Every structure is written in C-alpha cells, then in structure tokens.
Amino acid sequence: MKDGIHPVYQDVLYKDISNGFTFLSRSTKIPAEREKWTDGKEYPVIKIEISSATHPFFTGQEKLMDTQGRIERFNKKFNRAK
C-alpha cells in the first residue's frame, strides 16, 4: 500500500444530542471538538441527531397506524358512502 493516501482511522465518540447517549466507535472523520470518555482518555466527538437510544424502532415506541380511523376520515372528507 502506498504511504500518505489513506485517511486516518481513529477512535471517535458519537454523541446523541437529543439525550446525551454516547458510544465509542471508529471513523475517518476528524472533528475539532473533544471529550473525555469513561476510560479517562480524550476522544474527538461527532454529534448525531438520532441513535439507537432514541430511534423509535429500537426504543419500541413506534406509532401504530390507525388505519380504520384514517379510512373513516377519508370517506367523511370526500362524502363517500360505504
């Protein structure tokens, strides 16, 4: 492999800005902001808007679709008889 053509692959903290959930992973992105992790070392921080801690699929708080109510509203809106 040629020297100097590959990006630096380093440990990075990903921080969910909605609830503060943080996890350690690796990335080639090098942000300027740094933060201490539980192991006492300081790592670059990448802020994300949604993670497994806040995504509805992983938290089990998915919205259930009320298909019967939606159909009734549609029929009422367009004056349709069943």
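Bear in mind the structure is a predicted one, so any value in this text is a computation, not a measurement.
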Item checked: Minimum heavy-atom distance between Val12 and Ser27, given as atom pair plus value -> CG2-CB, 3.9 Å
Check: When clusters are formed from ILVMFWY side-chain contacts under 4.5 Å, directly or step by step, what else is grouped with Ile17?
Finding: none
Check: Considering all heavy atoms of both residues, which atom of Val45 and which atom of Arg34 are nearest to each other, and what is their separation?
Finding: CG2-C, 3.9 Å
Margin query: Asn19: which residues meet the side chain to side chain donor-acceptor pair (under 3.5 Å) condition with it, sequence neighbours left out?
Written below: none
Checklist line | Nearest non-hydrogen partners of Arg26 and Tyr9, listed with the distance | finding: NH2-O, 2.8 Å
Notebook entry, point to check: Quick one: NZ on Lys41 to CG on Leu13, what's the gap to the nearest 0.5 Å?
Noted result: 12.0 Å
Checklist line | Interatomic distance, Lys15 atom NZ to Phe21 atom CZ [nearest 0.5 angstrom] | finding: 12.5 Å
Note to self: Could you go through Ile46 and Lys29, starting from their C-alpha distance and side-chain angles, then the distance that decides it, and tell me whether this counts as side chain to side chain contact (heavy atoms under 4.5 Å, CB included)?
What the structure shows: CA-CA 8 Å; Ile46 297 175; Lys29 188 173 181 182; 4.0 Å; yes
Checklist line | Separation between OG of Ser51 and CZ of Phe23, rounded to the nearest 0.5 Å | finding: 6.5 Å
Checklist line | Interatomic distance, Lys47 atom NZ to Asp16 atom CG [nearest 0.5 angstrom] | finding: 11.5 Å
Next item on the list: Tell me, please, which residues at least two apart from Gln10 pass side chain to side chain donor-acceptor pair (under 3.5 Å).
Entry: none
